[in-house]
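Model, not experiment: these values are computed from the prediction. Every chain is numbered from 1 and lettered A, B, ... according to where its sequence line falls, protein lines coming before strand lines.
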2 protein chains.
Amino acid sequence: MRTSDIPEIRSLRLFESMSESAFDSLMQAAYLQTFPAQLELIREGDPADFLYVLTDGCVEMFARTNQRETTMGMVHPVGTFILAAVLKDAVNLMSARTVQKSKLLLIPSANVRAAFERDEAFARAIVEELAGCYRGVVKDQKNLKLRSSVERLANRLLRFHQDQGASGSLDLPYDKRTLASLLGMTPENLSRAFNTLKPYGVEVDGATVHLSDVDSLARLAKPDALIDELAT
Amino acid sequence: MRTSDIPEIRSLRLFESMSESAFDSLMQAAYLQTFPAQLELIREGDPADFLYVLTDGCVEMFARTNQRETTMGMVHPVGTFILAAVLKDAVNLMSARTVQKSKLLLIPSANVRAAFERDEAFARAIVEELAGCYRGVVKDQKNLKLRSSVERLANRLLRFHQDQGASGSLDLPYDKRTLASLLGMTPENLSRAFNTLKPYGVEVDGATVHLSDVDSLARLAKPDALIDELAT
DNA sequence: CGGACTATTGACCGATATCAAATACCGTGG
DNA sequence: CCACGGTATTTGATATCGGTCAATAGTCCG
């Protein structure tokens, strides 16, 4: 990879505290590459040859079985994916595709495992990352099992709203079909869920959503720190 | 804790490769305790004070929000729980209660983190365990989002059947209410799902289930290695 | 102005939940 | 051993939620 990209990578949480030499040998083996939108990067069932680090763009994690497909999660910069499969030297449980043109760092799995053995600070960062991923999926599962689809949408809107500065309106960061699948419903149902939320001050205009009564929406959504808060 | 229990603990995958001294200091801080059935061991939202290792019995992981409750998973010997919260020094995302009288090892979180820093082999074992947990939840989520409740039941029965020796019949390891919640349905619906499976050779007699036509059940269930196989 | 894609709407259906009641099961105390 | 009370499970009736199919309406490009 180009040496000019190295400082950017080095500053990522995952790499910042590792030793110079371990970082160098990791980077020597890695590739930094830009991919076009809608490209399938990895496929579930394939061996995890690389650890992926997304530095720019957006990636959708999805899964298939019996010709059904669902979105498992969205990865935003800076995020990693298939870390667990890499560490276990196992096959991927999820597929991934770019949503937009995206810049990704690909680190060969064997090198990740070697660096993990060699560098204690990296091992700690890996565990931090992995534990965070784990807790993310647990929250997703609670969201799915404990809430109706309208509640899931309401909470997601509140989260987008927060993330984007709580200005009273928000932009949906991906298309509605993907959002629907992420929330565990069909596009048709998402459309109806938006209508259901109209009395709570939710006004949809294309990819923009205006929230004219956040309190009322929050009363419906009943956000829960142990599901909706990124930090915990 | 009693020194007589130490060899048993030492042989667990999580501890077997760690150094003698790190293991000793971990054990000196730990408690091995037996709890009665239906005792709430941890509550979501509370700080993760201990890493729990189940050596005997059975523990249900569950979660609540807005007076709804769902079973997130079942822990069998030898299994750990709330590892991620311990490593991140965070609050628990799930609650846990014993299903039966259970024997558990409680290791103070701070000691786990210290041992992780100190002992490389333990760090590796921790990561292996954590990655396994992560992949478990991902599989659960695929199961939930990609299958109907009847399919989930069918696959679960096939798994129990395998685990118990594929003899043509199996015992449900916990009561039907819990099974229903684990599978993401109501008890009433579980009962109906069993009826739906009758034409596929599923015969229920209390907690015992006879499978008279495993092939037919498998054709309905369409098990998927990336969801149903423990190993991968 | 097509053409392709995305989103919305309506009609309908099937899956799952809810509520109520009946029944089976189990442990306890007599 | 049996009756009793409590709990778990099953069954039936009904409601709600969410999915499917089909048609329509936008929307974005070329």
Side-chain angles (χ1 to χ4, degrees), chain A residues 36-38 60 65-71 97 99-101 143-157 171-199 202-210 220-221, chain B residues 36-38 60 65-71 97 99-101 143-157 171-199 202-210 220-221:
Chain A
Q38 294 302 324
E60 178 188 1
T65 194
N66 298 335
Q67 55 257 21
R68 275 165 278 189
E69 181 181 309
T70 191
T71 301
R97 68 181 151 228
V99 174
Q100 321 152 6
K101 187 175 147 185
N143 194 34
L144 263 178
K145 290 186 83 174
L146 292 166
R147 286 176 172 157
S148 71
S149 58
V150 170
E151 289 170 330
R152 293 196 296 273
L153 174 59
N155 279 293
R156 184 65 58 151
L157 291 176
D171 291 315
L172 301 176
Y174 13 86
D175 64 22
K176 288 177 184 156
R177 194 161 49 90
T178 306
L179 178 60
S181 180
L182 181 64
L183 296 176
M185 54 179 130
T186 58
E188 293 95 326
N189 226 325
L190 176 63
S191 196
R192 292 181 180 116
F194 271 122
N195 282 328
T196 306
L197 292 180
K198 229 175 237 163
V202 175
E203 212 175 300
V204 184
D205 173 23
T208 303
V209 180
H210 299 275
L220 172 82
Chain B
Q38 293 303 324
E60 177 188 2
T65 195
N66 298 335
Q67 57 256 24
R68 276 166 277 189
E69 180 180 311
T70 190
T71 302
R97 68 180 150 229
V99 174
Q100 320 151 7
K101 188 175 147 184
N143 194 33
L144 264 179
K145 289 186 83 173
L146 293 166
R147 287 177 170 155
S148 70
S149 59
V150 170
E151 289 171 330
R152 293 198 294 274
L153 174 60
N155 279 293
R156 183 65 57 153
L157 290 177
D171 291 315
L172 301 176
Y174 15 85
D175 64 24
K176 288 177 183 153
R177 193 161 49 92
T178 307
L179 178 60
S181 180
L182 181 65
L183 295 176
M185 54 178 132
T186 58
E188 294 95 323
N189 225 327
L190 175 63
S191 193
R192 291 181 178 115
F194 272 122
N195 283 328
T196 308
L197 292 179
K198 230 175 234 163
V202 175
E203 213 174 302
V204 184
D205 173 23
T208 303
V209 179
H210 298 275
L220 172 83

Query raised in the report: So do Leu220(B) and Val150(B) actually touch side chain to side chain, heavy atoms under 4.5 Å?
Result: yes
**Report entry** Side chains of Leu146(A) and Asn66(B) in contact at under 4.5 Å (non-hydrogen atoms)
**Finding:** no
Query raised in the report: Considering heavy-atom distances to DNA chain D, does Glu188(B) or Arg147(A) have its closest nucleotide positioned more toward the 5' end?
Result: Glu188(B)
Query raised in the report: Which part of the nucleic acid, if any, lies within contact of Ser149(A), taking any heavy atom under 4.0 Å across all strands shown: a base, the sugar-phosphate backbone alone, or nothing?
Result: sugar-phosphate
Just to confirm, is there a sub-4.0 Å distance from OP1 or OP2 of [N] to any side-chain nitrogen or oxygen of [X]?
X	N	value
Asn189(B)	dT16(C)	no
Ser148(B)	dA15(C)	no
Asn195(A)	dT9(C)	yes
Ser191(B)	dT9(D)	no

If I take atom [atom1] in residue [X] and atom [atom2] in nucleotide [N], what distance separates them, rounded to the nearest angstrom?
X	N	atom1	atom2	value
Asp175(A)	dT8(C)	CG	C1'	15 Å
Gln67(A)	dG19(D)	CD	C1'	17 Å
Phe194(B)	dA15(C)	CZ	P	18 Å

Report task. List the atom of Leu144(B), the atom of Lys145(A), and the distance in Å for their closest heavy-atom pair. Result -> CD1-CG, 3.5 Å
**Report entry** Lys176(B) side-chain proximity, nearest of dT18(C), dT20(D), dT9(D)
**Finding:** dT9(D)
Report summary line: Considering only heavy side-chain atoms of Arg192(B), the closest of dT8(C), dT11(D), dG19(D) is dT11(D)
Report task. Check if the side chain of Arg177(B) and the base of dT10(D) share a donor-acceptor pair of N or O atoms closer than 3.5 Å. Result -> no
Query raised in the report: Where do Arg177(A) and Leu190(A) land on the side chain to side chain contact (heavy atoms under 4.5 Å, CB included) test, with the steps shown first?
Result: CA-CA 8 Å; Arg177(A) 194 161 49 90; Leu190(A) 176 63; over 6 Å; no
